[in-house]
Amino acid sequence: MTTGFVSAEEYFWHDTGSGWVLPADTAALQPFQHPENPETKRRLLNLLRRSGLLDELTLIEPRRATVEDVALVHRRPYIDSIAEMSRDSGGNAGGFTPFGHGSYETALLSAGGALAAVDAVLDGTVDNAYVLNRPPGHHSLPDTGMGFCIFNNASIAVRHLRRRRGVGRVAMVDWDVHHGNGQQAVFYSDPDVLTLSVHQNLCFPPNSGYITDRGEGAGNGYNLNVPLPPGSGHGAFLEVFDRVVIPALHRFGPEFVVVPSGFDGGIFDPLGRQLAYSETYRALTAELLTAAAELCGGRIVMTHEGGYSAPYVPFLGMAVLEEMSAIRTGTEDPFLPIVAGTGGHDLERHQDEVISAAAALVDDL
């Protein structure tokens with residue numbers, strides 16, 4: 001298995017400021033490191049390097065997306081507004097998305113990393129690829145940023161595959177703890193893009209990610225949300241994939257799979273309330289790889305999204321990349337003996353009810 005890896009030092013220079021989700025307010029809210037900061041991503045890169053796994057991956061140089069690339073998803077006035085604010089001291093792209101001077105160019109490079117990855121997989125340069133990029137993208141909408149996301153990297157890559165590279169059907173499997181509202185909005189009426197989101201119920205954005213949101217027009221039935229209750233653990237995540245995600249992929253028959261990969265479903269994450277751990281993500285990755293091998297020649301790309309526990313995200317990402325590359329480094333998750341033994345990992349009745357309701361919708365594909 002040849003696994004591509006995209007990253008760049010410039011990604012870590014994207015400046016989200018000193019507010020913790022909300023802007024710092026000297027009258028009340030003391031400045032603090034923003035949750036979407038470089039540390040989780042840099043520590044993941046450092047662990048890949050320290051373990052030796054980085055040396056086994058095929059490094060792919062990101063390119064800077066053009067305005068025409070970004071306009072596959074986003075409206076020109078929005079793109080221009082980000083560029084203008086970035087030339088000054090920065091600003092807010094909308095919906096809790098602060099950025100600093102120069103972040104427009106970094107956001108173009110982030111989107112371009114996703115484009116470089118899907119092209120490398122489609123061209124056969126690598127079998128699959130992971131993009132360790134920032135700013136993230138899966139919340140951003142055509143005319144506004146949201147949830148730390150400026151441009152919707154994964155959706156831009158999917159539009160590129162469909163409109164420029166001749167790929168017919170693409171499936172997006174979003175396992176970030178927050179609803180993948182961005183790709184839902186972009187592809188809501190498109191029957192050739194299956195958007196699946198496995199997220200914590202009503203975590204973020206507010207009033208988003210309902211199981212009843214199924215798509216519209218020709219796309220009705222091709223949007224599938226699985227809003228897991230808070231406190232869902234290893235067993236619930238595996239059940240979702242066994243009973244919903246993998247059957248949906250088989251019914252849809254994608255020619256390419258794109259995964260907006262957030263690790264904020266991890267047990268230590270400050271912006272989620274789920275209980276996943278490294279072996280959870282390893283198992284989910286294995287299921288996706290098997291399905292992709294059976295359905296689309298193994299063509300799968302993951303783009304990095306959320307995940308805000310700096311000590312633990314590296315071990316979640318390591319598990320995914322070990323599985324994608326079929327290389328075990330011998331690096332152990334030091335937290336695993338603790339977290340795997342905590343309560344809440346068996347499937348519970350209220351979780352099963354949500355999964356059963358979502359599974360019933362798979363037959364509509």
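For the numbers below, each heavy atom of this structure counts, side chains included, while hydrogens, waters and symmetry mates do not. Positions are given from 1 along the sequence.
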Side-chain contact, heavy-atom cut-off 4.5 Å: [X] with [Y]?
X: Arg251; Y: Asp363; result: yes
X: Glu9; Y: Arg42; result: yes
X: Ile156; Y: Val70; result: yes
X: Phe5; Y: Leu45; result: yes
X: Thr303; Y: Val6; result: no
X: Met324; Y: Met1; result: no

(request) Nearest 0.5 Å please: distance from the OH atom of Tyr312 over to the CG atom of Asp264. (result) 14.0 Å
Cluster overlap [X] with [Y], hydrophobic side-chain contacts below 4.5 Å:
X: Phe315; Y: Ile327; value: yes
X: Ile150; Y: Met146; value: no
X: Ile267; Y: Val177; value: no

(message) Looking only at the side chains, is there a donor atom on one of Gln184 and Asn225 sitting less than 3.5 Å from an acceptor on the other?
(response) yes
Side-chain donor or acceptor of [X] paired with backbone N/O of [Y] under 3.5 Å:
X: Thr329; Y: Ser51; result: no
X: Asp15; Y: Gly17; result: yes
X: Arg214; Y: Tyr222; result: no
X: Asn133; Y: Ser110; result: yes

Compute the centroid of each ring, for [X] and then for [Y], and state whether the two points are separated by less than 6.0 Å.
X: His14; Y: Phe99; answer: no
X: His179; Y: Tyr210; answer: no
X: Phe148; Y: His139; answer: no
X: Tyr281; Y: Phe263; answer: yes

Check this for me, if you would: do [X] and [Y] make a salt bridge, where the nitrogen-to-carboxylate-oxygen distance has to be below 4.0 angstrom?
X: Asp69; Y: Arg64; answer: no
X: Arg282; Y: Glu322; answer: yes
X: Arg299; Y: Asp127; answer: no

(message) Does Arg87 qualify as a cation-pi partner of Tyr104, given the criterion of NZ or CZ under 6.0 Å from the six-membered ring centre and within 45 degrees of its axis?
(response) no
(request) Measure the acute angle between the ring planes of Tyr308 and His178, then classify it against the limits of 30° and 60° as parallel, tilted or perpendicular. (result)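 Ring orientation of Tyr308 relative to His178: tilted.
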(request) Using the test side chain to side chain donor-acceptor pair (under 3.5 Å), find all partners of Asn220 that sit at least two apart in sequence or belong to another chain. (result)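 Applying side chain to side chain donor-acceptor pair (under 3.5 Å) to Asn220 gives none.
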(message) Restricting to side chain to side chain donor-acceptor pair (under 3.5 Å), what partner residues turn up for Ser261, sequence neighbours left out?
(response) Tyr130, Trp175
(request) Please test Asp190 against Arg169 for salt bridge (Lys or Arg N to Asp or Glu O under 4.0 Å), starting from the C-alpha separation and ending with a verdict. (result) CA-CA 10 Å; Asp190 190 340; Arg169 311 190 100 192; over 6 Å; no
What are the two closest non-hydrogen atoms of [X] and [Y], and how far apart are they?
X: Leu224; Y: Ala248; answer: CD2-CB, 4.2 Å
X: Leu141; Y: Ala185; answer: CD2-CB, 3.7 Å
X: Arg134; Y: Lys41; answer: CD-CE, 3.8 Å
X: Arg243; Y: Ala359; answer: O-CB, 3.6 Å
X: Met85; Y: Asn92; answer: CE-O, 3.8 Å
X: Pro62; Y: Ala116; answer: CA-CB, 4.3 Å

(request) Determine, stepwise, if the pair Ser208 / Asn181 fulfils side chain to side chain donor-acceptor pair (under 3.5 Å). (result) CA-CA 7 Å; Ser208 183; Asn181 64 297; 5.3 Å; no
(request) Run through Pro229, Ser232, Cys203 and flag the one making a side chain to side chain contact (heavy atoms under 4.5 Å, CB included) with Gln274. (result) Ser232
(message) Applying the side chain to side chain contact (heavy atoms under 4.5 Å, CB included) criterion to Leu288, which one of Leu249, Val320, Asn128 satisfies it?
(response) Leu249
